[in-house]
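Sequence lines set the chain letters: A, B, ... in the order given, protein chains first and strands last, and positions in each chain run from 1.
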Amino acid sequence: MSFDHAAIEKKWRDYWEKERLFACDTSDFSKPKYYALDMFPFPSGQGLHVGHPEGYTATDIVSRMKRMQGYNVLHPMGWDAFGLPSEQFAIKNNEHPEGFTRHNIDHFREQLKMLGFSYDWERELATIDPEYYKWTQWIFVEMFKHDLAYVSDVPVNYCPELGTVLANEEVIDGKSERGGYPVIRMPMRQWMLKITAYADKLEKGLEGLDWPKSTIEMQRNWIGRSTGVEIDFPVAFTGLSFKVFTTRVDTLFGCTYCCLAPEHPLLKTIVDPSKKEEVERYVKEATAKSELSRLASSEKEKTGVFTGAYAVNPINGRKIPIYVADYVLGSYGSGAVMAVPAHDERDYLFAKAHGLPMIQVIEGDISNSAYEGDGKHMNSAFVDGLDIAAAKQAILERLIETGHGRTKVNYKLRDWIFSRQRYWGEPIPMLSDGKGEEIPLDESELPLTLPPLDDFTPSKDGKPPLARAPESWLKVERNGKSYVRETNTMPQWAGSSWYYLRYIDPHNDKCLCDKRLSDHWMPVDLYVGGAEHAVLHLLYARFYYKFLHDIGVVSGTEPFKRLVHQGMILGENGEKMSKSRGNVVNPDDIVRDYGADSLRLFEMFAGPLSETKPWSTTGLVGARRFLERAYRLVDEEPYLSRIKAENDHSLDRSYAKLVKKCTEDFESLSFNTAIAEMMVFVNDCYKASNLYRGHLEGFVKILSCICPFIGEEMWHKLGHEKSLAYEPWPTYEEKDLVEEKKKVALSVNGKVRDVLLLAPDAGEEEAREAAFLSEKAKPYLEGKTVKKFVYVPGRIVNVVVA
RNA sequence: GGGAGAUUGGCGUAAUGGCAGCCGCGAAGGACUCAAAAUCCUUUGGUAGCGAUAUCGUGCGGGUUCGAGUCCCGCAUCUCCCACCA
């Protein structure tokens, strides 16, 4: 073992802290800014796993390079510290979740420091800090004031057996995660955020983001914008009507019945008395089923019952039956569909199951399934013979004329259920008179802190734990009137939706972030985190940011300019790491045995950042071996005495390639190929008889981004007293990359036959001459007619012969 | 059912449309050593050949091109995400 990693790591860690080396002054605008952000972790009881350092190392490398390139770098870290696991731990151990959470945070912080990340720890924040969640609550109040927060009765997962409300994550296949008891949907009073008001902005803002394509696509699907037609269907003999949404208005003549969702309000009034009992029973069963089980059972079988009522098809006046069926979702469109069994697979199955008629309106085979393709229309009066696009247009025009329809944009996106019946979250800063009046707390009353409780379990009736808070906390007088505090808390997403702003100005008690500072620092230049947050966290954060823009808190409209997801690190056997598989790798052990630098280097070298890749102990040993090999250059004979103050230029080219490749690859986060180039450079150093000190210094600066401890130590060994963290980034000369003669492949009919040595600026005549002088290519050229001669300087010569 | 991505040596991987396999792991050989480890130096896609070399080779089938791992069309397999969205 050629260096003592434990001693080196301790030495430089202490030095960095003592010198406050990575503290960032965000009010210093004299240098260009760079904001490199990691998705902050949930501080779980297990501590860091080897997946965490992957993304963190990536942003750390870029941060370190940017500092040397003269940027003012903001590279912060904090804790997403509210959340269910801590609460469950608290319930189990009958302790307050805060103690456990703080303890975990201390452990995480220590582990991150151990790994040498250049975070500005003076900006550390946690979502559970009252100084932080004061502003989380403030944003909620602002949303309420702007009509974006409202109360509604919506179905939640309720487990009668456990007597408690469950989060979606706690429901597996319609059963409770603990105990496996059935879970039903039950309406309950909830706070909602009107994210749908931002559907259009959220969709449009995706354009122009430097994000993974897949993530943009996922968000687009989630928002689910679709353009179609809204049609009014009168209910026969009642004077009432309902709206349906369709993207296939061209098939309107093929509509043979309508379906309402079980939640549809019209069911209360239009059902024929003879069907009332049957419909009520069906609705009750359907709404009690959890969404998952409803989905699972109805895929096999389309259930539903006739309401006894009839609708009138506005295009032809035909009377068609109205059904209620749970394959129609209450929460999408208008909760009602026009059913065209001949041309929609779901309607087809339902019609078959219930003996409903079919009218084919597009030529195609409907003997075994609905025909959903394009074709000539039939049985459709004035659109007969037209294709889908033309028929859509014609029918839409007719509907507009008669006032029965209009174009309509629909979104899959639903409003955000923002309450949790939990203790360990931000209290929602609202007061209720119990009769529908909801008033927000004044800013001066924030933060509203969590009251201490003895028992954190939700009540049997589904009431949140805070409902058992002391009366002194719960009851509030306002203008002579009695109010009760809101007892729901916010979801974990709340705190993580705006934390990137707070880092810029973490100790500000006047506002959540000084606008002068956010104008300078936002958007985040590089955001790295797991793909599991592709939709929810990133959508919520964008929503918050757009809202903050609209109320004038920030100027921008998108918080994260560039986003990258790190891939997962699997176990050595290629399976997911898990305790049950016994293949979990603990970073503490790796750092103890091989050092933090080796861990960082290995994770960056194992493959492209975004790919999933397996852990490899031999790969880790290889990383360590490379570091020792590099270290030996500045620590051992005979290499040490080869180091010269003068450059003999033998390594100029190798060095220029190193600097160019690493600078570009660090920027594009292609660390594996940058490291390969660093290895090439070290291999070249071993072959060289003289080593220019300047080259080694440049190499060490580059290496230090990935392996900061050994980097600092080598810098020190090269005769420097201070840290290299703010030394200028190495440069290279373009001329060093140019070779006098370059190898150029000579191919005949596309098959390589020889390699020519040509000057990079050699002309075509020169190339042609060299090609026909080649002995190796001779047999393939002799006696043939040259049909074409292709010459790409520096690349290839291709002779096409007949 | 829809979407996104992937498929290259024994393994992880690399290749602005231009010599496929850089770099690493593993393996083999050599130097050093009494010996081993460590280190240093070679070799390492398959087949044939002592060798120069030849030949085959980037999941499968087509296409574009002087030239395709790379671009286009179709297919297979895998991974992830969404999914009764009218």
Query raised in the report: Is the NZ or CZ atom of A/Arg768 positioned over A/Tyr791's six-membered ring, under 6.0 angstrom from the centre and within 45° of the axis?
Result: no

Report task. Before accepting this row, confirm whether a basic side-chain N of the pair A/Lys778/A/Asp754 lies closer than 4.0 Å to the acidic partner's carboxylate O. Result -> no

Report task. Determine the contact category for A/Arg220: base if any of its heavy atoms lies under 4.0 Å from a base atom, sugar-phosphate if only primed atoms, P, OP1 or OP2 are that close, otherwise nothing. Result -> nothing

**Report entry** Cationic N near anionic O, under 4.0 Å, A/Arg220 to A/Glu217
**Finding:** yes

Query raised in the report: Expressed in whole Å, how much space separates the C1' atoms belonging to B/rU13 and B/rC25?
Result: 10 Å

Query - Side-chain donor or acceptor of A/Tyr686 paired with backbone N/O of A/Arg629 under 3.5 Å - result: yes

Requested in this report: Quick one: classify the glycosidic conformation of B/rG17 as syn or anti, with syn meaning within 90° of 0.
Outcome: anti

Query - Partners passing salt bridge (Lys or Arg N to Asp or Glu O under 4.0 Å) against A/Arg225 (at least two apart in sequence or in another chain) - result: A/Asp200

Report task. Could you tell me whether A/Asp347 contacts a base, only the sugar-phosphate backbone, or nothing, with contacts defined as non-hydrogen atoms closer than 4.0 Å? Result -> nothing

Report task. Look at A/Arg753 and B/rU55 and indicate whether a side-chain polar atom (N or O) is within less than 4.0 Å of OP1 or OP2. Result -> yes

Query raised in the report: If the sugar-phosphate is the primed atoms plus P, OP1 and OP2 and the base is the rest, what is the B/S/- string for nucleotides 22-31 of chain B, using protein heavy atoms under 4.0 Å?
Result: -BSSS-----

Query raised in the report: How far does the P atom of B/rG9 sit from the matching atom of B/rG45, given to the nearest Å?
Result: 13 Å

Requested in this report: Classify the nucleic acid contact of A/Val800 as base, sugar-phosphate or nothing, counting any heavy atom under 4.0 Å across all strands shown.
Outcome: sugar-phosphate

Report task. Using a 4.0 Å heavy-atom cut-off across all strands, classify A/Tyr639 as base, sugar-phosphate, or nothing. Result -> sugar-phosphate

Query raised in the report: Mind checking who B/rC78 pairs with, Watson-Crick or G-U wobble, both distances under 3.5 Å?
Result: B/rG5

Query raised in the report: Rounding to the closest angstrom, what is the interatomic distance between B/rG24 and B/rU44 at atom C1'?
Result: 14 Å

Query raised in the report: In whole angstroms, how far is the C1' atom of B/rA86 from the CD atom of A/Glu230?
Result: 13 Å

Could you pull out all donor-acceptor pairs under 3.5 Å where a side-chain atom in residues 606-615 of chain A meets a protein atom, sequence neighbours excluded?
residue	atom	partner	partner atom	Å
A/Ser610	OG	A/His565	O	3.2
A/Lys613	NZ	A/Glu54	OE2	2.6
A/Lys613	NZ	A/Pro608	O	2.9
A/Lys613	NZ	A/Leu609	O	3.1
A/Lys613	NZ	A/Glu611	O	2.7

Query raised in the report: In the structure shown, which nucleotide is the Watson-Crick or G-U wobble counterpart of B/rU55, with both distances under 3.5 Å?
Result: B/rG46

